[in-house]
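One structure is given below, encoded as structure tokens.
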Amino acid sequence: MKSEPDCFSIDDLAKAPKKTTCWDGVRNYQARNFMRSMEIGDQIFFYHSSVEPACLVGVAEVVKKAYPDHTALDPKDDHYDPKATPANPIWEMVDIKFVRKFDESLTLVDLRDVKGLEKMELLRRGSRLSVQPVTAAEWKIVNGLAEKKATKR
DNA sequence: GCCAACGTTGGC
DNA sequence: GCCAACGTTGGC
């Protein structure tokens, strides 16, 4: 899951009440559908976008399954969608909880050219999805890299 | 700040 | 239902 750290960083998540937040504001159907498919206990990588360097910074987990995103119904909210109604909220969100922060963030450069990550959505040219799938194999490789980079420091 | 790559919108 | 125009994302 991507977030601009200026807006909401992994440190914000770690400091949040119960280290938990609702992932509101997603206004892309594909991203929403991925959230709908999430189960409690599913782990996610937390990604900082639009910063130099863009990087994976840690891990969180799903603590609440997809439910309506109320910010879509609020005309005063930045993410207001006039098409959303209480009967058909259209947009949904999940709650995620902080699990850990990597000792060393993994930049896109770190991940590029790693064997087994060739098809990772995050590394795809023009990848803009804010919620995107990670395969079990990719998950394992990335976690391994995070440990390796931390010990190498 | 540039610009490629998207998703969305709306005229037809 | 096509597709051009437009707005946005996000790496660089």
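Just so it is clear, the model here is predicted, and its values are computed rather than measured. A, B, ... follow the sequence lines: proteins, then strands. Residue 1 opens every chain. Atom set for the values below is all heavy atoms of this structure, side chains included, hydrogens, waters and symmetry mates excluded.
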Side chain of Y29(A) only, heavy atoms from C-beta on: which candidate in dG10(C), dT8(B), dC12(C) is closest?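 The closest nucleotide is dT8(B).
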R128(A) side chain, from C-beta outward: closest of dT8(B), dT8(C), dT9(B):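 Of the options given, the side chain of R128(A) lies nearest dT8(C).
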d([atom1], [X]; [atom2], [N]) in whole Å:
{"X": "I90(A)", "N": "dT8(B)", "atom1": "CD1", "atom2": "P", "value": "12 Å"}
{"X": "L129(A)", "N": "dG11(C)", "atom1": "CG", "atom2": "C1'", "value": "16 Å"}
{"X": "D78(A)", "N": "dT8(C)", "atom1": "CG", "atom2": "P", "value": "12 Å"}
{"X": "H79(A)", "N": "dT8(C)", "atom1": "NE2", "atom2": "C1'", "value": "13 Å"}
{"X": "M1(A)", "N": "dG10(C)", "atom1": "CE", "atom2": "C1'", "value": "18 Å"}
{"X": "R124(A)", "N": "dC12(C)", "atom1": "CZ", "atom2": "C1'", "value": "17 Å"}
{"X": "D81(A)", "N": "dG7(C)", "atom1": "CG", "atom2": "C1'", "value": "16 Å"}
{"X": "Q30(A)", "N": "dT8(C)", "atom1": "CD", "atom2": "C1'", "value": "16 Å"}

Between K149(A) (side chain) and S105(A) (backbone), is there a donor-acceptor pair under 3.5 Å?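 Judged by distance alone, yes, a pair lies under 3.5 Å.
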Whether the side chain of E118(A) engages the backbone of G116(A) through a donor-acceptor N/O pair (distance < 3.5 Å, no angle test) should be reported.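 A pair under 3.5 Å: yes.
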Does K83(A) place a side-chain N or O at less than 4.0 Å from the phosphate oxygens OP1/OP2 of dT8(B)?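 Negative; the distance criterion is not met.
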Between T71(A) and R27(A), a side-chain donor and acceptor under 3.5 Å: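 Result is yes, a qualifying pair exists.
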Any side-chain donor-acceptor pair under 3.5 Å between E121(A) and S127(A)?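 Checked: E121(A)/S127(A) side chains pair up, N/O donor to acceptor below 3.5 Å.
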Residue pairs passing the ring pair (Phe, Tyr, Trp, His ring centres under 6.0 Å) test where at least one lies in residues 99-122 of chain A, sequence neighbours excluded: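 Matches after skipping sequence neighbours: none remain.
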Report the residues that fulfil side-chain hydrogen bond (donor to acceptor under 3.5 Å, both in side chains) with D77(A), sequence neighbours left out, ordered by chain and then residue number.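 With sequence neighbours excluded, D77(A) shows a side-chain hydrogen bond (donor to acceptor under 3.5 Å, both in side chains) to no residue whatsoever.
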Looking only at heavy atoms, what is the nearest atom pair of T107(A) and C55(A), with distance?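 Scanning both residues completely, I find the closest heavy atoms to be CA-CB, 3.7 Å.
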Answer with base, sugar-phosphate or nothing: what part of the nucleic acid does R27(A) contact at a heavy-atom distance below 4.0 Å?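 Contact class for R27(A): none.
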Mind checking who shares a hydrophobic cluster with I44(A), ILVMFWY linked at side-chain heavy-atom distances under 4.5 Å?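 Other cluster members: M1(A), F8(A), I10(A), L13(A), W23(A), V26(A), F34(A), M35(A), M38(A), F46(A), V57(A), V62(A), V94(A), I96(A), F98(A), L129(A), V131(A).
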When you look at W91(A) and Y29(A), which way does the ring-ring contact (aromatic ring centres under 6.0 Å, His included) test go after all the steps? CA-CA 8 Å; W91(A) 304 112; Y29(A) 286 103; 4.6 Å; yes
Test item: Q132(A) and L122(A) side chains (from C-beta on) under 4.5 Å apart, heavy atoms: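 SC-SC contact between Q132(A) and L122(A) confirmed.
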Secondary structure of DNA chain C in dot-bracket form (Watson-Crick or G-U wobble, distances below 3.5 Å, | marking inter-strand pairs): ||||||||||||
So with a 6.0 Å cut-off around CG of D113(A), is the heavy-atom count from everything else above 12?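 Not more than 12 within 6.0 Å, no.
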Is the number of heavy atoms from other residues, nucleotides or ligands within 6.0 Å of NZ (K101(A)) greater than 12?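 It does not: K101(A) NZ has 12 such atoms or fewer within range.
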Within residues 105-119 of chain A, which residues have any heavy atom lying less than 4.0 Å from an atom of DNA chain C?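 DNA chain C contact set from residues 105-119 of chain A: L108(A), R112(A).
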When you compare the protein's N or O atoms with those of nucleotides 2-6 of chain C, which come within less than 3.5 Å of each other, and at what distance?
none

